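Notes for the one structure printed next.
Keep in mind the model is a prediction, meaning the values are calculated, not measured.
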Amino acid sequence: MMIKYIAGWVFVIAACSISAIAQNQAKFSDIKAGMKNKWLEQQALRIANERATDLHWLAEYKKATIISKKWQPILNDYGYLVGRKIHMELYCVEQNGNCEMADFTFKQKYKAEGYSNRLICIKVGQLYNVDCE
């Protein structure tokens, strides 16, 4: 009787754990874009892949989605506009076949003639496992 009781609880705990893991697995394609700009997304991928090569990361970034709804201004200590930043999620595939995504923040400097065309990576968040797509 006791064995049936313990076996029943083991089954319940295992079933809950498996479904919790399945529910927490993210898909990159489920990310909602805040805005769309193919040029910015391509620049972000180029920069991320250059960084991956320089730092010997064993990953290739393949997709980018802008999650910011608009650019956020960057002000200096005196309140003057010095640039703007934007957040993106980037999807990569590692050499071992795992797929992951990370939050990246990029900026553009502001000059007298307007914003620079150069995108600069200022932050890379933690990698999270996602379903491969």
Hey, quick one: are [X] and [Y] part of the same hydrophobic cluster, counting side-chain heavy atoms closer than 4.5 Å, chains of contacts allowed?
X	Y	result
V93	I31	yes
F104	M35	yes
V130	M88	no

4.5 Å side-chain heavy-atom contact, [X] and [Y]:
X	Y	answer
W71	Q108	yes
Q42	L45	yes
T105	H87	yes

[atom1] of [X] to [atom2] of [Y]: how many Å apart, nearest 0.5 Å?
X	Y	atom1	atom2	value
I66	L40	CD1	CG	5.0 Å
F28	L90	CZ	CG	6.5 Å
K70	I86	NZ	CD1	12.0 Å
L81	L75	CG	CG	6.0 Å

A52 versus A59, closest heavy-atom pair with distance: CB-O, 3.9 Å
Check C99 against Y91 and note the closest heavy-atom contact, atom names and distance. SG-OH, 3.3 Å
Would you mind writing out the side-chain donor-acceptor pairs for residues 111-128 within the sub-3.5 Å range, not counting sequence neighbours?
from	atom 1	to	atom 2	distance (Å)
S116	OG	R118	N	2.9

Over 60° means perpendicular and under 30° means parallel, so classify the ring planes of Y78 and Y80, tilted if in between. tilted
Knowing that exactly one of K107, K85, R84 qualifies, which makes a side-chain contact (heavy atoms from CB on, under 4.5 Å) with Q72? K85
Taking side chain to side chain donor-acceptor pair (under 3.5 Å) as the cut-off, I'd like each qualifying pair that reaches into residues 51-66, sequence neighbours left out, listed once. K63-E133
